[in-house]
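Shown next, in C-alpha cells, is the structure this report addresses.
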Protein chains: 2
Amino acid sequence: MAAKSEQTRRLVADVALRMFREIGFEKTTMRAIAQEAGVSVGNAYYYFASKDELVQELYLQVQAEHAAAAAEALDGAKDLSARLKAVLHAGFDVMEPYHQFGADFIATAIRPTSPVNPFGEDSTAAREASLAIFRDAVEGSVPAAPKKLRGELPELLWLAYMGIALFWVYDKSEGQRRTRSLIDGVVPLIARGLSLAKIPGVGKVFDDVLGLVRSVRG
Amino acid sequence: MAAKSEQTRRLVADVALRMFREIGFEKTTMRAIAQEAGVSVGNAYYYFASKDELVQELYLQVQAEHAAAAAEALDGAKDLSARLKAVLHAGFDVMEPYHQFGADFIATAIRPTSPVNPFGEDSTAAREASLAIFRDAVEGSVPAAPKKLRGELPELLWLAYMGIALFWVYDKSEGQRRTRSLIDGVVPLIARGLSLAKIPGVGKVFDDVLGLVRSVRG
DNA sequence: ACTCATTCTTGAACACGTTCAAAACATCGA
DNA sequence: TCGATGTTTTGAACGTGTTCAAGAATGAGT
C-alpha cells in the first residue's frame, strides 16, 4: 500500500516544516524531527536523503503558496508597477512566517550543489514556476512593456526578486517594513526606467544590456 | 614571550589556508589542520574560536592582496572603464586559486551572523578596505564620473562586484573565462549608462535611484 | 498457507565542529 | 629556589548530520 508510505513521508515533512518555523533551522535536529514524528532517525532519512531535502520541501511549499497568492493579487492590477508590487508583496507575505529561518535557508540555497539552489539544475522546475509568476505579471500588463525587452524582462525581474529576498533576510526591522519600502520604492523606478527605452540614446544601451544578458546566460 | 604564541597562531592559519586551497573547505577538518600543524585540536581552537574564523583569516588575506594588486593595476588607467576593469580583474586574479573554495566561502559569508559576512558589523574594516579600492578607481578617473553620482558610486560598484563574485562562484568554465567576459562586457555598459545621467529625462530617474539608495541604506 | 522479493523501519556507529576541565609551561617577585 | 599567577596545550566528551547492516512488515505468486 503506497498510501502508508506517503503518509509517513508527509508526517516527517510536516513535523519538520513546523519545527523550522517555530524553533528555527539549527534547533530542528534530525533526531528531534524523528522523535516528534514518532519515527526513527533512519526512517526520516529513508524519505529525505538529507536535511537539505527537507528545506527543499519547504521551498516547494512556499513557492506554491506564492504562485497562488500572486495569481489572486494580480487580479485587477493593470499597469506594470501595480502588477509587480502585487507579485513581490505576495511573495514576502508568504515568506513572513519563515523570516528567522531565511538566513539558514539562503546559506543552504546558495551552495551550487544544494538541491534548493535557485540557479541550479535540481530546481529547474521550481525556478520555472517562479519565473512564470513574473512572466504573468509582465505579459498581462496594460500598457504593455517595451517589446524588445519583453523576452528577457521576467528573468531580470526574477533576479531582482532574488536580490530583494537577500535584503529581506538581513532586514531586522519589525515586520520587515524596510523591505516593503524598498519594493514600493524600487518598482516605480523600474517601470520608469523601462519607459526610457524609447529615448534613442538610451535604447542603444538597453540593447547592449540585453545582448550581454543573452551572451552570458549560456 | 608573545612571539611563540603568535608563531603557533600563524602556523595554524597558514596550514589551514593552504589546506583550504588544496583540498577544499569540507575536507579541511579541524582535526586535519591540527594534525598537519602538529598541535592539538583544542589548541587550534585556542587561537580561532571557530572554523569560520579561519575563513575570515583567508578573507582578510585575499583582500589585502586585492588592494595591492588593484593599486598596481590602476597605475596608468585613466578612464573609468579601464580603471574598473583593472580593479575587478585584479580581484579575480587574486581569488583564482580559491575558486573551488568559493562556494563554501559564500555559504559561510552570506549568513548574517558570520564574522565574514561582507554586510555585517564584524567585517566593517574589511568592507571599508574593499570599498576604498572602488573609491580609488572612481576618484582617480579622467574624465570624472558625474558629480551627483560620485558619492554613492563606489558603494554601488562594490555591490556589483559582490554580484559578479557570486556569478564567478557558479562559473564552471575553464579559468572562469565567462566571468572575465562578463566583466569586459558589463563595465563599458556601466560607464555608458552613467554618461546618460546628463540627459534630462534620464537624470530624474537617476536622482530617484540615488534617493532610494540613501533611504534604504540606514 | 507458504515462500520470497520488495519495501519500510530500526538504532548503533561514524566523522565532524565544538567545548572544557585539567595539565603543562612560562614569567616574575621574594 | 620557590611558589603564585597567568598563558598555552591537551585530549576526552558532547551533540550534530549522516550511513548502514540488519531486521520487520508487506504484498504477489503459487
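Lettering follows sequence order; numbering is per chain, from 1.
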note: A/R111, atom CZ; D/dG17, atom C1'; distance rounded to Å ~ 13 Å

Q.
Taking atom NZ as the centre, does B/K27 end up with more than 12 heavy-atom neighbours from other residues, nucleotides or ligands that are less than 6.0 angstrom away?
A. no

inquiry  = D/dT8, OP1 or OP2 - any side-chain N/O from B/S5 closer than 4.0 Å?
reply    = yes

Open item on the list: Quick check on C/dT9: is either OP1 or OP2 less than 4.0 Å from any side-chain nitrogen or oxygen of A/T8?
Closed with: yes

Next item on the list: Dump the intermediate steps for ring-ring contact (aromatic ring centres under 6.0 Å, His included) on B/F105 and B/Y59, then the final yes or no.
Entry: CA-CA 9 Å; B/F105 176 79; B/Y59 180 55; 5.6 Å; yes

In whole angstroms, the gap separating P of D/dT8 from CZ of B/R10 amounts to 16 Å

**Item:** Pair B/D93 + B/R180: basic N to acidic O under 4.0 Å
**Value:** yes

Find out whether the Lys NZ or Arg CZ of A/K51 is both under 6.0 angstrom from the six-membered ring centre of A/F25 and within 45° of the ring's axis. yes

Contacts of A/H89 meeting ring-ring contact (aromatic ring centres under 6.0 Å, His included) (sequence neighbours excluded), chain-then-number -> none

Would B/H66 and B/Y161 count as a close aromatic pair, with their ring centres under 6.0 Å? yes

Taken in chain and number order and not counting sequence neighbours, the residues that satisfy ring-ring contact (aromatic ring centres under 6.0 Å, His included) with A/F119 are A/W158, B/Y170

* To do: Evaluate the side-chain proximity of A/V15 to A/M19: yes if any heavy-atom separation is below 4.5 Å, no if none is.
  => yes

Here the residues of residues 20-34 of chain A within 4.0 Å heavy-atom distance, strictly under, of DNA chain D are A/T28, A/T29, A/M30, A/R31

B/Q7 atom CD is separated from D/dT9 atom P, nearest whole Å, by 10 Å

Q. Checking all strands, does B/V41 fall into the base, sugar-phosphate, or nothing category for heavy-atom contacts under 4.0 angstrom?
A. base

Inset, instruction - Could you tell me whether the side chain of B/R83 and the main chain of B/V138 form a donor-acceptor pair under 3.5 Å? - result: no

Contact check, residues 46-62 of chain A vs DNA chain D, heavy-atom distance under 4.0 Å, returns A/A49, A/S50, A/K51

The reported gap from CD in A/E53 to OG1 in A/T108 (rounded to nearest 0.5 angstrom) is 12.5 Å

Quick tally for nucleotides 20-25 of chain C: nucleotides whose base has a protein heavy atom under 4.0 Å get B, sugar-phosphate-only ones S, the rest -, giving B-----

Residue set satisfying ring-ring contact (aromatic ring centres under 6.0 Å, His included) with A/Y98, at least two apart, ordered chain then number -> none

